Amino acid sequence: MDIKANLEQVKKSFQNPNCKLIAVSKTKPLADLQAAYAAGIRDFGENKVQEIQAKQPEMPADTRWHMIGHLQSNKIKYIAPFIHLIHGVDSFKLLVEIDKQGKKIDRPIPVLLQIHIATEESKFGFDLEELETMLSSLEFNDLTHVQIQGLMGMASFTENQDQIRTEFRGLKQLYEDLKKRTLPSFVNLHELSMGMSGDYQIAQEEGSTMVRIGSSIFGARNYPNS
Ligand SMILES: *Cc1c(COP(=O)(O)O)cnc(C)c1O
């Protein structure tokens, strides 16, 4: 697997050269991360706390770690001191727990709210009603140690490009609508995390600011569902 060549291919095919690239290195060995780092990558995405914990001390200090998977409340504390961005915050309860851990170490923790845009039931994320309930609740205003930097979403697993485009477009519209609203000062929306190996070009055409790309860089994973 020529990681450097793959990275060049991926970057060459970007529809927006300013879009940030998160190299999704879950399940991949340290040597693969080091190869990507040597090729200039600083942002790495992982979906298991244990795996981030194992890899983080082995990588250079300027590596930026992105938690892109479903995060369990009891594991926040292990990544709170250094995590660059938590992409998958999908409930108010989890946001409150992240705030709590941030308070303990006096570090406002950067997060994205994951929005459910796919047709599959199984994909995590807020639906519009849950989001509205949270944003208009008094408790939401009491948060102090989170920084909500944007939204994240995953399109349906389908060959239908039009459907994928429609889902990304909907997320972008929601993002623009929220930006116009008066929200607490810890909400500063400037990132829209959408797009993976199969759909990052469509996502960029629809306004993505960061794409999360794994298999197109590191090759197929042994555990497709991980
Ligand atoms: C695994 C994963 C990716 C990367 O998927 P690829 O298809 O390998 O690019 C992106 N986002 C999330 C949330 C993931 O879990």
Side-chain angles (χ1 to χ4, degrees), residues 1-3 5-16 19-29 32-33 35-36 39 41-52 55 64-72 75 79 83-91 94 98 110-126 149-161 163-165 167-168 171-172 175 191-226:
M1 189 54 53
D2 190 340
I3 290 170
N6 290 348
L7 276 166
E8 277 161 17
Q9 272 303 320
V10 165
K11 286 216 188 116
K12 224 165 48 189
S13 62
F14 265 28
Q15 301 300 300
N16 169 11
C19 185
K20 293 175 188 145
L21 170 57
I22 317 299
V24 175
S25 49
K26 60 190 183 191
T27 79
K28 296 296 175 182
D32 287 5
L33 281 76
I41 294 292
R42 293 296 175 269
D43 293 274
F44 290 86
E46 293 280 346
N47 69 343
K48 292 207 166 66
V49 167
Q50 232 180 330
E51 208 173 327
I52 300 185
K55 288 171 175 172
R64 295 184 287 265
W65 297 95
H66 296 251
M67 176 63 193
I68 62 167
H70 187 64
L71 180 58
Q72 289 168 283
K75 298 204 171 142
I79 57 170
I83 197 76
H84 184 69
L85 187 59
I86 300 174
H87 290 234
V89 177
D90 62 356
S91 72
L94 181 59
I98 294 171
V111 305
L112 305 178
L113 301 178
Q114 183 170 358
I115 310 296
H116 186 272
I117 57 171
T119 49
E120 290 106 338
E121 273 295 327
S122 63
K123 296 230 164 111
F124 294 105
F126 284 93
Q149 299 192 342
L151 304 180
M152 179 269 214
M154 288 168 87
S156 296
F157 187 71
T158 172
E159 294 292 312
N160 185 338
Q161 311 280 298
Q163 184 183 343
I164 293 171
R165 188 178 294 282
E167 290 172 0
F168 284 149
L171 183 59
K172 163 75 166 172
Y175 172 72
E191 299 290 4
L192 189 52
S193 169
M194 55 185 201
M196 319 180 12
S197 291
D199 56 22
Y200 67 89
Q201 290 170 306
I202 301 176
Q204 288 176 337
E205 285 164 2
E206 296 303 329
S208 171
T209 69
M210 40 172 66
V211 289
R212 311 172 311 271
I213 301 184
S215 39
S216 292
I217 299 171
F218 298 110
R221 286 174 296 275
N222 293 328
Y223 316 97
N225 293 323
S226 58

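Being a predicted model, the structure only gives us computed values, none of them experimental. Whatever order the structure lists ligands and atoms in, that order sets their numbers, starting from 1. For this chain, numbers begin at 1 and follow the sequence in order.
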>> Please list, in number order, the atoms of ligand 1 under 4.0 Å from a heavy atom of Arg212.
In response: 4 (C), 9 (O), 10 (C), 11 (N), 12 (C), 13 (C)
> Does Ile68 approach ligand 1 within less than 4.0 angstrom via side chain, backbone, both or neither, non-hydrogen atoms only?
Replying inline: both
>> Under a 4.0 angstrom heavy-atom cut-off, which atoms of ligand 1 come close to Ser197?
In response: 6 (P), 7 (O), 8 (O), 9 (O)
>> Checking Lys20 now: which residues fulfil salt bridge (Lys or Arg N to Asp or Glu O under 4.0 Å) with it, not counting sequence neighbours?
In response: Glu191
> Mind checking what makes ring-ring contact (aromatic ring centres under 6.0 Å, His included) contact with His66, not counting sequence neighbours?
Replying inline: His84, His87
> By number and element, which atoms of ligand 1 are closer than 4.0 Å to a non-hydrogen atom of Gly214?
Replying inline: 4 (C), 6 (P), 8 (O), 9 (O)
>> Show the nearest heavy-atom pair for residues Val89 and Phe126, with the distance to one decimal.
In response: O-CE1, 3.4 Å
>> I'd like to know whether ligand 1 has Arg221 as a neighbour, heavy-atom separation below 4.0 Å.
In response: yes
> Going by the atom numbers of ligand 1, which of them fall below 4.0 Å from some non-hydrogen atom of Ile213?
Replying inline: 9 (O)
> Under 4.0 Å between a Lys/Arg side-chain N and an Asp/Glu carboxylate O for Glu51 and Lys26?
Replying inline: no
>> Under 4.0 Å from a heavy atom of Met154: which atoms of ligand 1 are those, numbered in the order shown and with their elements?
In response: 13 (C)
>> Among Lys172, Arg165, Gln15, Gln201, exactly one meets side chain to side chain donor-acceptor pair (under 3.5 Å) together with Glu206. Which residue is that?
In response: Arg165
> Do Glu8 and Lys11 come close enough that some side-chain heavy atom pair is under 4.5 Å?
Replying inline: no
